[in-house]
Trainee: 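Okay, handing you the structure first.
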Amino acid sequence: MEFAELIKTPRVDGVVLRRPFLPTVEGTLCLTGHHLILSSRQDNTEELWLLHANIDAIEKRFVGSLGTIIVKCKDLRVIQLDIPGMEECLNIASSIEVLSTLDSVSLMYPLFYRPMFQVIEDGWKSFLPEDAFKDLESMTEEWRLSDVNKDYSVCSSYPPLVAVPKDVDDDTLRKAAAFRHGGRFPVLSYYHKKNGMVMMRSGQPLTGTNGRRCKEDEKLINATLRAGKRGYIIDTRTVSVAQQAKARGGGFESEANYPQWRRIHKAIERSSILQESLIKLVEACNDQSHSMDRWLSKLEASNWQTHVKEILTSACLAAQCIDREGASVLVHGTEGTDSTLQVTSLAQIILDPACRTIQGFQALVEREWLQAGHPFQQRCSQSAYSNSKPRCEAPVFLLFLDCVWQILRQFPCSFQFSQHFLVLLFEHTYASQFGTFMGNSASERSKLNLSQKTVSLWSWVNRPQEVERLSNPLYEANCLVIWPSVAPQSLLLWEGVFLRWKRSSRCLDEAYDEMVHIIQYNKELQNKVNNLRRQLAQLETEEPLLQTP
Amino acid sequence: VLHLVTTVEQVRLLERFSNKSTSGTLHLTATHLIFVESNNAATTILHHHIASVEKLSLTTSGCPLVIQCRNFRVVHFVVQRERDCHDIYSSLLRLLRPVSYDELYAFSYNPKQNEQQREEGWQLIDLGAEFERMGVPCDRWQLTDVNRDYKICETYPRDLYVPITASKPIIVGSSKFRSKGRFPVLTYFYQEKKAAVCRCSQPLSGFSARCLEDESMLQAISKANHNSRFVYVMDTRPKLNAMANRAAGKGYENEDNYSNIRFQFVGIENIHVMRTSLQKLLEVVGSRFLSVNDYLLGLESCGWLRHVKAVVDAAIFLTKAVTVEGASVLVHCSDGWDRTAQVCSLGALLMDPYYRTIKGFMVLIEKDWISFGHKFADRCDQLDGDPKEVSPVFTQFLECVWQLTEQFPQAFEFSEWLLLQIHEHVHSCQYGNFLANNQRLREELQLGDRTHSLWAFLLREQQNYLNPAYCPTYADAHPVLEPSTLPCHFKFWRNMYHQFDRSMHPRQSVLKNVLTLKESNCQLEDTIKDLETLYKDFSTVFLIVCLFYSMCSYVSNCFVGEEVTECCSDTERTVEGSSGTERKESYSDLQETYGAKAEPAVVSLEFGVARMTC
């Protein structure tokens with residue numbers, strides 16, 4: 001299929017672009033296979049380049065022959081295009097509709113994108129499991145890297161290499177995989193250097209109604225316990241949800257078969273509920289009503305902050321078991337690809353200072369989300385405005401980012417990156433020129449040969465100028481465990497995402513720039529003082545008269 | 001002489017939002033309640049800050065005593081012996097009910113200051129100079145001495161500004177037609193458009209009464225402004241309340257009787273509604289294991305943010321009328337000392353960048369609140385009085401200012417620490433500024449001779465209250481602030497209502513860090529200057545050997561020291577609390593205490609607040 005067939009009117013002149021808090025731009029609208037472009041063709045006016053993939057929904061309106069298209073984007077921005085001519089407007093609208101909902105992976109933009117920057121370090125090779133394992137090996141010898149899944153046959157959503165207890169052989173893994181949802185047998189997620197405790201993750205055990213058990217699965221997770229020690233299983237579902245799962249072949253670890261483990265149930269919601277929550281939250285934020293009661297009740301009804309609190313609480317609990325109780329932890333929900341990853345990745349942010357650096361956070365996203373098989377393509381194909389029937393969409397990763405932002409707000413000096421990095425990741429999970437978040441698992445990405453055919457987001461992010469833009473000027477390495485407050489009064493609405501397009505951010509941006517300036521100026525002055533002192537000291541030693549007092 | 005318990009040992013202080021506690025000794029002095037932990041950390045509470053003391057029923061671990069403070073601190077002690085608990089309780093009750101002003105702390109508070117400094121402190125703010133700054137007196141507005149002896153209105157200051165055309169009989173007549181004699185006077189003059197903001201109390205109009213002098217007074221205000229043919233009359237009350245007042249012979253202006261007025265209700269609720277609202281808010285946020293939904297529903301049902309928004313909305317209305325239309329506005333409510341003070345001062349803050357500086361903000365409070373007779377003594381419950389008169393009107397004003405600082409981070413010279421500190425001292429009764437209900441009473445109490453001024457204290461340590469993002473030139477581009485009034489821009493002021501609940505605060509403070517860096521920048525600049533001078537001297541003067549030697553020893557002693565390292569991490573910034581010795585611990589980073597405390601024995605599975613006592 002050629003894009004040209006889908007574009008009935010490639011170009012319209014005299015289109016007016018209206019965006020909140022920005023001057024209107026009049027110019028020429030062009031549609032290409034992947035972009036909607038509006039250019040005034042004057043030098044110093046900003047052009048709009050919008051990826052079709054970023055368009056979540058459009059609305060058409062007509063007043064006489066003047067058509068208006070309201071474009072609602074996945075990054076939550078809403079823009080308006082006034083298009084003269086009814087036919088042009090209809091053509092543009094229908095083209096956008098088709099181009100923004102193309103299902104074929106082979107037509108996705110990352111496969112066409114050629115970088116305009118020099119790739120210094122190929123992001124596809126920056127975070128290989130082998131390298132991560134080398135770090136682990138330097139700390140402990142109790143784990144090995146297994147290639148039991150090298151052809152993705154044991155677990156389709158796992159990467160080819162996973163870390164497992166040294167004493168457990170591949171055969172045991174295969175049998176344990178058969179006992180776990182989606183073949184997701186327990187694997188290592190995090191090793192806590194301080195006390196050697198670990199966090200593992202998996203899918204739910206397939207106990208079913210008749211309480212099936214699997215000796216190999218028991219052996220596998222028991223192998224992670226020290227003699228006489230108990231571990232904790234954090235099931236991200238409530239007891240009743242976990243009970244109900246038995247009827248569909250799933251279930252949870254019974255006390256009888258896992259006597260060394262204590263099970264704790266949390267209540268992180270399933271994806272469809274999270275999607276609904278996002279839709280309601282965005283609707284509340286876009287409400288122009290001036291009624292305080294309406295705003296607060298809509299915010300409450302969206303339940304978004306409740307989800308944030310629940311996820312953070314579960315992550316704190318996991319971190320607490322490991323760091324305070326000195327116990328190992330296994331985390332799972334149903335599939336082990338959503339709430340499980342929220343908990344394991346946030347627990348690492350809390351426990352491990354390395355995850356709070358720019359590189360470390362990328363490694364975390366790579367390890368705990370991409371390699372761990374979070375189905376990004378399914379979860380992020382629609383955002384908060386889409387009118388189409390939701391399939392598997394859910395803001396699971398956005399909620400994770402929101403939780404990270406909450407911790408960042410509470411520990412503003414302990415992260416090497418600023419919230420810009422989190423916002424950038426949010427944008428790229430929904431629409432991107434990079435291949436990083438394409439596909440639903442390592443196996444899908446490998447089939448599509450993305451590492452050859454697309455550019456990695458990390459290649460872009462790790463260029464010096466981008467690193468600088470994403471850096472937190474207040475950062476001072478903090479090697480401690482950071483415990484966030486999860487009291488409702490401590491949790492804030494993430495304005496950087498949800499109110500981003502609702503107000504002029506100029507005041508806040510300028511204040512931020514001023515802060516950056518103060519910090520940089522301080523560094524300059526310190527350097528200057530040090531240099532002067534050095535020069536003076538030098539003068540002192542160079543002057544022979546001085547040496548003979 | 002009261003018999004007071006002075007020291008009780010084996011008292012436990014429970015943490016408000018967790019299950020932890022610390023034990024120590026409780027001391028009671030004539031002015032403070034002090035809890036000293038075994039590690040010598042002290043919690044100090046000024047008696048004036050205590051709003052209520054409650055003795056709960058005996059438990060197995062002891063007798064609980066809950067103390068609620070006006071600065072939103074809540075402390076929960078458990079005293080081992082019930083007898084001791086009862087003694088503290090009854091001692092406190094006696095201490096907490098001062099019946100005369102002389103008993104207040106301000107009259108015994110004695111900082112290390114000489115008499116001259118104390119007097120200078122009281123001269124820092126000069127409202128006459130402030131009106132001059134606005135351009136008053138001028139060809140349309142003059143100073144009147146009608147209230148020289150507080151005869152026309154005892155709750156107004158002596159110096160009042162009125163239109164030139166308002167003769168004494170008009171003033172006197174108008175004052176008789178206004179509740180408590182509070183006739184229309186100037187409070188802010190917008191020079192650019194020669195538009196005036198005036199304030200007064202409600203007219204005694206009942207259902208049909210009118211007063212020609214009062215009508216002339218408004219006419220005079222209108223005539224003093226050539227930009228507009230009419231003057232806005234803003235009744236800040238809800239219409240229903242104003243109408244109900246008519247039955248009591250009060251009410252609001254009838255547009256038919258007053259030529260050239262535009263009458264407008266803006267619907268801010270009264271002091272009783274505000275008191276209940278804040279009480280409800282505090283109940284909601286004070287509950288342990290609060291869920292997000294209960295929190296948000298509570299925020300909604302208590303109405304507090306709705307009221308805050310109503311005040312800001314009214315101030316915006318006032319500002320637009322004055323700055324955009326160039327019209328003069330007369331603001332009133334019932335008595336003209338609560339809502340009127342809020343709206344006039346907040347409006348001025350939006351219109352005039354001067355009030356967004358530290359000194360200017362003090363002037364604003366001095367003018368619209370203190371001099372015009374906001375009843376601080378009644379509203380803040382300084383003496384044992386009528387609980388129905390207590391209301392957080394001034395707190396609400398400070399919150400409105402805070403909401404604005406959040407929207408305009410570069411526009412204010414001060415940070416929220418100034419607001420918190422002012423709030424602290426409005427209730428501490430440690431300084432004379434806020435004592436009593438009006439200027440006449442303050443003069444009777446000779447506060448200027450017998451107490452210290454808060455403003456002097458705050459200005460002396462103003463470094464602590466600076467907003468590092470403040471940009472003085474911001475005002476050139478934005479002389480008038482235009483805040484958004486979308487509800488999503490109004491936030492819960494955690495640092496006010498949970499200022500003593502450290503567990504809820506961010507662990508690290510951006511404000512503190514940047515402020516320290518900014519201070520360090522100034523010091524570094526000086527150091528560089530010194531070093532450069534030295535370097536220059538050093539390279540030219542070496543021929544003169546003696547001098548050279550002395551210089552070098554100077555250099556090696558003083559300057560060739562260690563490399564400069566981060567200056568911000570070790571300086572602890574604290575803001576002095578009410579007692580003069582207490583540290584506002586809530587402001588300091590908790591970094592130092594990481595890993596210091598004992599670890600809990602069991603994983604708590606139902607923690608509302610994740611443990612952060614790392």
Side-chain angles (χ1 to χ4, degrees), chain A residues 264 285 290-293 295-297 299-300 305-306 309 312-313 316-317 320-321 324-325 409-414 474 480-491 499 502-503 507-508 510-511 514-515 518-519 521-522 525-526 528-530 532-533 535-537 539-540 543 545-546 549, chain B residues 17 285 290 292-293 295-297 299-300 305-306 309 408-410 468-469 471 484-485 487-488 490 492 494 498 503-504 506-508 510 513-514 517-518 520-521 524-525 527-528 531-532 534-535 538 542 545 548 552 555-556 559-560 563-564 594-595 599-600 603 605 608-612 614:
Chain A
I264 304 167
C285 293
H290 280 261
S291 155
M292 181 62 75
D293 291 358
W295 156 247
L296 288 171
S297 79
L299 186 62
E300 186 269 332
Q305 298 292 82
T306 303
K309 179 177 155 85
L312 270 175
T313 309
C316 287
L317 178 69
Q320 203 176 5
C321 291
R324 294 292 178 76
E325 291 298 296
R409 280 292 302 237
Q410 296 186 24
F411 295 86
C413 308
S414 300
L474 287 168
L480 300 160
V481 175
I482 54 175
W483 300 104
S485 160
V486 297
Q489 296 96 315
S490 304
L491 302 178
L499 301 179
K502 292 291 132 225
R503 62 161 173 207
C507 292
L508 302 182
E510 282 169 3
E514 177 62 26
M515 181 189 83
I518 292 169
I519 297 163
Y521 185 50
N522 186 266
L525 289 175
Q526 288 191 9
K528 210 166 170 186
V529 168
N530 289 337
L532 278 167
R533 286 188 177 158
Q535 284 171 6
L536 273 167
L539 254 180
E540 186 183 16
E543 181 48 62
L545 279 173
L546 246 178
Chain B
F17 292 101
V285 299
L290 180 64
V292 173
N293 293 56
Y295 166 66
L296 291 171
L297 287 174
L299 272 189
E300 182 197 337
L305 285 175
R306 189 178 72 228
K309 180 170 143 52
F408 303 98
Q410 289 188 287
C471 174
S484 158
T485 59
C488 56
F490 289 81
F492 171 67
R494 183 191 54 216
H498 285 299
S503 66
M504 283 189 188
R507 301 300 98 156
Q508 297 164 326
V510 174
N513 261 292
V514 179
L517 281 177
K518 204 166 178 174
S520 128
N521 285 355
L524 285 169
E525 277 170 350
T527 312
I528 287 173
L531 286 172
E532 275 171 351
L534 198 64
Y535 187 74
F538 202 67
F542 72 101
V545 177
F548 184 85
C552 289
V555 170
S556 50
F559 285 98
V560 191
E563 299 260 299
V564 187
Y594 282 136
E599 314 214 336
V603 178
L605 305 179
V609 182
R611 292 173 190 283
M612 49 249 131
C614 42

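All chains are named by letter (A, B, ...) in the order of the sequence lines, taking the proteins before the strands, and each is independently numbered beginning at 1.
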Trainee: Indicate yes or no for a side-chain donor-acceptor contact from Asn522(A) to the backbone of Ser520(B) under 3.5 Å, with no hydrogens or angles considered.
Mentor: no
Trainee: So which heavy atom on Ala469(B) is nearest to which on Ala511(A), and how close?
Mentor: CB-CB, 4.2 Å
Trainee: What part of Leu499(A) lies closer than 4.5 angstrom to a heavy atom of chain B: side chain, backbone, both or neither?
Mentor: side chain
Trainee: If you take all heavy atoms of Lys309(A) and Leu290(B), which pair is closest and at what distance?
Mentor: NZ-O, 3.8 Å
Trainee: Could you check whether any side-chain heavy atom of Gln508(B) comes within less than 4.5 Å of a side-chain heavy atom of Ser414(A), counting everything from C-beta outward?
Mentor: yes
Trainee: Could you look at Lys309(B) and say if it's the side chain, the backbone, both or neither that has a heavy atom under 4.5 Å from chain A?
Mentor: side chain
Trainee: Based on non-hydrogen pairs under 4.5 Å, which of Leu474(A), Leu532(A), Leu299(A), Ile519(A) is most in contact with chain B?
Mentor: Leu532(A)
Trainee: Output the distance between atom SG (Cys488(B)) and atom NZ (Lys502(A)), rounded to the nearest 0.5 Å.
Mentor: 8.5 Å
Trainee: How close do Asn513(B) and Cys413(A) get, heavy atom to heavy atom, and via which atoms?
Mentor: ND2-SG, 3.3 Å
Trainee: Does the side chain of Arg507(B) reach to within under 4.5 Å of the side chain of Ile482(A), using non-hydrogen atoms?
Mentor: no
Trainee: When you compare the side chain of Pro409(B) with that of Cys507(A), does any pair of heavy atoms fall below 4.5 Å?
Mentor: yes
Trainee: Chain B heavy atoms under 4.5 Å from Leu508(A): which part of the residue, side chain, backbone, both or neither?
Mentor: both
Trainee: Any idea which heavy atoms bring Arg494(B) and Ser490(A) closest together, and the distance?
Mentor: NH1-CA, 3.6 Å
Trainee: Is a donor on one side and an acceptor on the other found under 3.5 Å between the side chain of Thr306(A) and the backbone of Val292(B)?
Mentor: no
Trainee: With a 4.5 Å cut-off on side-chain heavy atoms, are Arg533(A) and Thr527(B) touching?
Mentor: yes
Trainee: Using 0.5 Å steps for rounding, measure from the CZ atom of Phe490(B) to the CE atom of Met292(A).
Mentor: 5.5 Å
Trainee: Considering only heavy atoms, which portion of Ser484(B) lies under 4.5 Å from any heavy atom of chain A: side chain, backbone, both, or neither?
Mentor: neither
Trainee: For Gln489(A), give me all partners under side chain to side chain donor-acceptor pair (under 3.5 Å), at least two apart in sequence or on another chain.
Mentor: His498(B)
Trainee: Distance from Ile528(B) atom CD1 to Leu525(A) atom CG, nearest 0.5 Å?
Mentor: 4.5 Å
Trainee: Considering non-hydrogen atoms only, spot the tightest contact between Ala487(A) and Met504(B) and give its length.
Mentor: CB-CE, 3.9 Å
Trainee: Measure distances from Glu300(A) to the heavy atoms of chain B and classify the residue's part below 4.5 Å as side chain, backbone, both or neither.
Mentor: both
